[in-house]
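These notes concern the structure reproduced below.
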Amino acid sequence: MKIEKTVRILNKRARFEYEILEEVEAGMVLTGTEIKSLRMSKASITEAFCQFIEGELYIINMMIDEYKLGTFYNHKTKRERKLLLHKRELLKFEKKLKDAGNTIIPLKLYINERGKAKIIIALGRGKKLFDKREAIKDRENKRNLDRILKKS
């Protein structure tokens, strides 16, 4: 078991599937075995999303593997975890969520220099199919340009 100093878990599909409108850093309420699994980079946020439940923001469908040395104190791998934000940020997100097509998605999960688990969440709007094709085309054009510049 190796505990890493820099833990960065990314949601690579989020920027491809959604147009990012606004980003915010939030804390999370975790149990002891969850933070130990996070420090070993045993988590996934690709299928996760955020939802308001009774005025509080929760992250749903985030997967944190069970801690191997945890006995009966171990946590459930997929459970609702509360996000910690200021009241005005919560109200702002809740107001913007009422617009059609908007959703809150996690972009990056990491442990900061003070040892706290933080997550960057973003307000996003789903992309259409032609937007995704355009993103692929731009990425291929950039790759080709870099290849040409490298040769010369």
Side-chain angles (χ1 to χ4, degrees), residues 1-139 142:
M1 289 189 337
K2 181 182 174 191
I3 296 176
E4 299 178 22
K5 290 193 177 187
T6 57
V7 176
R8 297 174 79 210
I9 299 161
L10 301 173
N11 187 355
K12 295 178 183 176
R13 292 191 60 196
R15 294 195 189 272
F16 181 70
E17 304 251 340
Y18 297 95
E19 172 190 351
I20 305 301
L21 303 174
E22 188 175 340
E23 292 182 13
V24 173
E25 180 185 62
M28 291 191 310
V29 177
L30 298 173
T31 63
T33 55
E34 286 175 332
I35 192 71
K36 289 179 181 186
S37 287
L38 269 181
R39 287 196 175 122
M40 293 189 308
S41 297
K42 301 283 186 185
S44 171
I45 57 173
T46 53
E47 299 162 1
F49 61 95
C50 299
Q51 186 176 15
F52 279 96
I53 301 173
E54 297 178 9
E56 299 287 343
L57 190 63
Y58 287 86
I59 186 163
I60 298 169
N61 236 6
M62 182 173 89
M63 223 277 290
I64 298 178
D65 285 343
E66 287 188 352
Y67 184 57
K68 287 184 180 175
L69 298 177
T71 56
F72 57 91
Y73 293 112
N74 241 333
H75 60 278
K76 295 179 187 172
T77 55
K78 286 190 177 184
R79 70 171 183 91
E80 299 171 350
R81 293 170 177 90
K82 184 177 174 182
L83 296 180
L84 304 172
L85 289 167
H86 291 284
K87 189 74 171 177
R88 66 180 175 274
E89 291 174 334
L90 285 172
L91 292 174
K92 184 172 67 171
F93 268 126
E94 196 166 18
K95 188 172 130 185
K96 289 185 178 183
L97 252 182
K98 293 186 176 159
D99 294 340
N102 286 351
T103 186
I104 301 174
I105 49 171
L107 296 179
K108 182 169 124 179
L109 175 65
Y110 64 96
I111 296 179
N112 68 2
E113 61 276 351
R114 295 176 64 191
K116 307 286 184 190
K118 299 288 183 177
I119 189 163
I120 294 181
I121 58 173
L123 182 72
R125 183 178 300 128
K127 284 185 181 179
K128 304 281 189 240
L129 181 62
F130 58 85
D131 290 335
K132 293 178 189 178
R133 287 180 185 159
E134 204 170 292
I136 292 170
K137 192 186 301 181
D138 289 342
R139 187 171 51 217
K142 184 179 180 295

Got a second to check how far [X]'s [atom1] is from [Y]'s [atom2], nearest 0.5 Å?
X	Y	atom1	atom2	answer
Glu94	Ile104	CD	CD1	9.0 Å
Asn11	Ile45	CG	CD1	5.0 Å
Leu38	Met28	CG	CE	5.5 Å
Lys76	Glu80	NZ	CD	9.5 Å
Ser37	Leu69	OG	CG	9.5 Å
Lys42	Asp65	NZ	CG	6.5 Å

Of Arg125, Lys95, Lys92, which meets salt bridge (charged side-chain N to carboxylate O under 4.0 Å, His left out) against Glu22?
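Single salt bridge (charged side-chain N to carboxylate O under 4.0 Å, His left out) partner of Glu22 among Arg125, Lys95, Lys92: Lys92.
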Give the minimum heavy-atom separation between [X] and [Y], together with the two atoms involved.
X	Y	answer
Ser41	Ile9	CA-CD1, 4.4 Å
Ala117	Leu30	CB-CD1, 3.7 Å
Ala26	Leu85	CB-CD2, 3.5 Å
Leu90	Phe52	O-CZ, 3.4 Å
Leu123	Asn102	CD1-CB, 4.2 Å
Ala14	Pro106	CB-O, 4.2 Å

Hits for side-chain contact (heavy atoms from CB on, under 4.5 Å) against Thr31, two or more places apart or cross-chain, chain-then-number order -> Thr33, Glu34, His75, Arg79
Assess the residue pair Ile60 and Cys50 against the criterion (side chain to side chain contact (heavy atoms under 4.5 Å, CB included)); give the C-alpha distance rounded to whole Å, side-chain angles, the decisive distance to 0.1 Å, and a yes or no.
CA-CA 6 Å; Ile60 298 169; Cys50 299; over 6 Å; no
Is there a side-chain contact between [X] and [Y] (heavy atoms, below 4.5 Å)?
X	Y	value
Ile105	Ile20	yes
Val29	Arg81	no
Glu66	Thr77	yes
Phe49	Ile59	no
Arg39	Ile111	yes

Would you check, one step at a time, whether the test side chain to side chain contact (heavy atoms under 4.5 Å, CB included) holds for Met62 with Leu109?
CA-CA 10 Å; Met62 182 173 89; Leu109 175 65; 4.3 Å; yes
Between Lys78 and Glu47, is the salt bridge (charged side-chain N to carboxylate O under 4.0 Å, His left out) condition met? List the steps.
CA-CA 11 Å; Lys78 286 190 177 184; Glu47 299 162 1; 3.3 Å; yes
Are Lys82 and Glu54 within salt-bridge range, i.e. N to O under 4.0 Å?
no
Evaluate Tyr67 against Lys36 for side chain to side chain contact (heavy atoms under 4.5 Å, CB included), listing each step before the verdict.
CA-CA 7 Å; Tyr67 184 57; Lys36 289 179 181 186; 3.7 Å; yes
Just do the side chain to side chain contact (heavy atoms under 4.5 Å, CB included) check on Leu107 and Arg15 with the steps written out, would you?
CA-CA 8 Å; Leu107 296 179; Arg15 294 195 189 272; 3.7 Å; yes
